[in-house]
Number of protein chains: 2
Amino acid sequence: MIRTKALSVRKARGYGPARRMEILNHAMRLIGEHGVQTVSTRQIADAVGISQPSLYAYFPNRQALIEAVCVQAFERLILVMTQVAQTATGLDRLKRLGRAYLMFGFEQPDAYRVGFMIETTGPFDPNQIEPPLLAGLRAYGLHRQALAEHLGPSRTSDEIDRLAQSLWASLHGLVALMIARARFPWAERQALIDTHLDRLLTGL
Amino acid sequence: MIRTKALSVRKARGYGPARRMEILNHAMRLIGEHGVQTVSTRQIADAVGISQPSLYAYFPNRQALIEAVCVQAFERLILVMTQVAQTATGLDRLKRLGRAYLMFGFEQPDAYRVGFMIETTGPFDPNQIEPPLLAGLRAYGLHRQALAEHLGPSRTSDEIDRLAQSLWASLHGLVALMIARARFPWAERQALIDTHLDRLLTGL
DNA sequence: TTTTTAACCTATCAGTGATAGCCCATTGGG
DNA sequence: CCCAATGGGCTATCACTGATAGGTTAAAAA
């Protein structure tokens with residue numbers, strides 16, 4: 001992978017946050033072009049026009065940088081889902097939410113990959129929830145809320161949790177599998193999405 | 001990660017395949033202990049008791065080694081699924097297959113990870129199907145066949161494909177998400193599995 | 001004008017996957 | 001029985017990776 005050097009002017013004092021955003025935007029673009037695993041910190045730094053160690057003034061390590069990219073991407077997913085949730089109610093809302101979720105995954109596979117398909121490794125610190133997990137929790141929360149409202153107050157909380165997690169997992173499964181196994185002879189996408197949503201929501 | 005040196009005796013001529021199996025077994029164990037991403041070729045070589053470059057006499061690169069581990073693991077999944085498929089028919093068979101698939105994922109998360117959650121990167125060579133994709137195709141084939149038999153001859157092939165892929169994706173989703181987001185506050189596993197299978201198979 | 005410090009740099013580290021090129025011991029043919 | 005062929009293995013080294021140490025510069029605060 002070829003890296004080209006193009007220096008950026010030094011940011012004035014107080015403009016660190018702007019630089020941070022530059023880094024995130026370039027990182028997002030590079031990840032989209034070349035994939036999460038193959039993009040190196042040097043490539044990102046070169047794209048921004050700063051030295052590689054300078055990245056570490058903005059992020060403690062590469063993992064944190066990637067997670068920040070992910071969070072930025074998921075702001076968009078949650079925004080889309082929040083808007084979609086307001087356009088309908090009941091089963092129709094659930095269907096629109098599901099479709100929005102799937103489309104986000106297909107249109108922004110790298111964001112989705114970083115958000116849900118990269119495992120959070122390392123020792124478990126119960127005092128700190130990793131940003132990607134948090135983003136996932138919020139997206140899940142929107143599904144769960146729409147499901148709870150549709151099912152009505154007759155179901156127990158545990159029951160709703162199970163159904164919402166099953167639903168979310170099924171949505172995730174189609175996106176994740178079609179991303180990870182893109183060369184599989186999949187059925188035509190739109191028809192497959194329709195079948196999937198139908199199957200998941202009938203009987204609820 | 002600490003590596004310890006413990007030399008292995010040189011294999012006699014003609015015992016290359018045995019050495020290859022040793023490598024695969026140690027690699028499988030190490031991946032299970034430390035995760036796919038963090039296990040290095042040097043750690044694997046040290047565990048076997050050979051030098052790191054010697055691995056390249058058995059596998060063209062690290063990716064191929066990991067894929068070979070995956071294939072070995074999936075032989076087991078496909079064996080289990082084949083056996084399970086013979087114990088019942090119709091909807092019950094589908095349910096047992098689904099449960100066997102989910103249990104395999106939970107009990108052998110690293111095998112599952114390597115098999116279905118690691119993306120096959122690199123340029124696409126249409127003349128060569130990657131081993132993990134092949135393993136996935138075979139596991140999918142068992143689902144599809146059981147589904148086709150249960151649905152009867154009235155459905156079109158495309159329809160069966162869509163339903164089978166939707167079903168497979170949903171199964172994959174629960175395993176993949178629970179592996180990738182182990183710290184999420186999931187519902188109790190067995191109840192969640194039951195709910196998931198119920199939801200996926202009702203209405204078929 | 002001087003001091004402080006945010007923003008940045010170069011040099012360097014240990015670890016990674018991978019390649020080049022050489023040894024050594026077993027084994028089959030003469 | 002000897003010896004060449006070769007399968008199994010080695011050391012040395014490469015370019016690259018993420019990360020750290022420690023110094024430099026320029027703009028803002030005093």
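Hydrogens, waters and symmetry mates play no part in the numbers below; they use all other heavy atoms, side chains included. Please read all numbers here as calculations on a predicted model, not as lab measurements. So that the names make sense, note that chain A is the first sequence line, chain B the second, and so on, each numbered from 1.
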Within the structure, does a side-chain N or O atom of A:Ser54 lie under 4.0 Å from either OP1 or OP2 of C:dC9?
-> yes

Does a nitrogen or oxygen in the side chain of B:Ser51 sit under 4.0 Å from OP1 or OP2 of D:dC10?
->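 For D:dC10, OP1/OP2 do have a side-chain N/O of B:Ser51 under 4.0 Å.
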
Distance in angstrom units between [X] [atom1] and [N] [atom2], rounded:
X       : N      : atom1 : atom2 : value
B:Ile44 : C:dG15 : CD1   : C1'   : 15 Å
A:Phe59 : D:dG18 : CZ    : P     : 14 Å
A:Tyr56 : C:dT12 : OH    : P     : 19 Å
A:Ile66 : D:dT17 : CD1   : P     : 13 Å
A:Tyr58 : C:dA7  : OH    : P     : 5 Å
A:Leu55 : C:dT10 : CG    : P     : 13 Å
B:Asp46 : C:dG15 : CG    : C1'   : 13 Å
A:Gln63 : D:dT17 : CD    : P     : 18 Å

Checking contacts here: which listed nucleotide ([options]) is nearest the side-chain heavy atoms of [X]?
X       : options                : answer
B:Arg19 : C:dA18, C:dC9, D:dG9   : D:dG9
B:Ser40 : C:dT16, D:dA19, C:dT10 : C:dT16
B:Pro53 : D:dG18, C:dT19, C:dC9  : C:dT19
B:Thr41 : D:dT17, C:dT16, C:dG17 : C:dG17
B:Ile50 : C:dT16, D:dC10, D:dT17 : D:dC10
B:Arg62 : D:dC10, C:dG17, D:dG18 : C:dG17

Nearest nucleotide by nearest heavy atom, which residue falls closer to the 5' end of DNA chain C, A:Ala57 or A:Gln52?
->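 The residue whose closest nucleotide sits nearer the 5' end is A:Ala57.
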
Please, which pairs that meet ring-ring contact (aromatic ring centres under 6.0 Å, His included) have at least one residue in residues 57-82 of chain B, sequence neighbours excluded?
-> B:Phe74-B:Phe104, B:Phe74-B:Phe116

Flag the pair B:Glu159 / B:Leu151 as yes when at least one side-chain heavy-atom distance between them is below 4.5 Å, and no otherwise.
-> no

B:Gln72 and B:Met21: CA distance, side-chain angles, deciding distance, side-chain contact (heavy atoms from CB on, under 4.5 Å) verdict = CA-CA 10 Å; B:Gln72 203 187 27; B:Met21 283 306 298; 3.0 Å; yes

Show your working on ring pair (Phe, Tyr, Trp, His ring centres under 6.0 Å) between A:Tyr101 and A:His172 and close with a plain yes or no.
-> CA-CA 8 Å; A:Tyr101 189 93; A:His172 167 76; 7.8 Å; no

Separation of A:Glu107 CD from A:Leu77 CG (nearest 0.5 Å) | 11.5 Å

Is there a donor on the side chain of B:Arg42 or the base of C:dG17 sitting less than 3.5 Å from an acceptor on the other?
-> yes

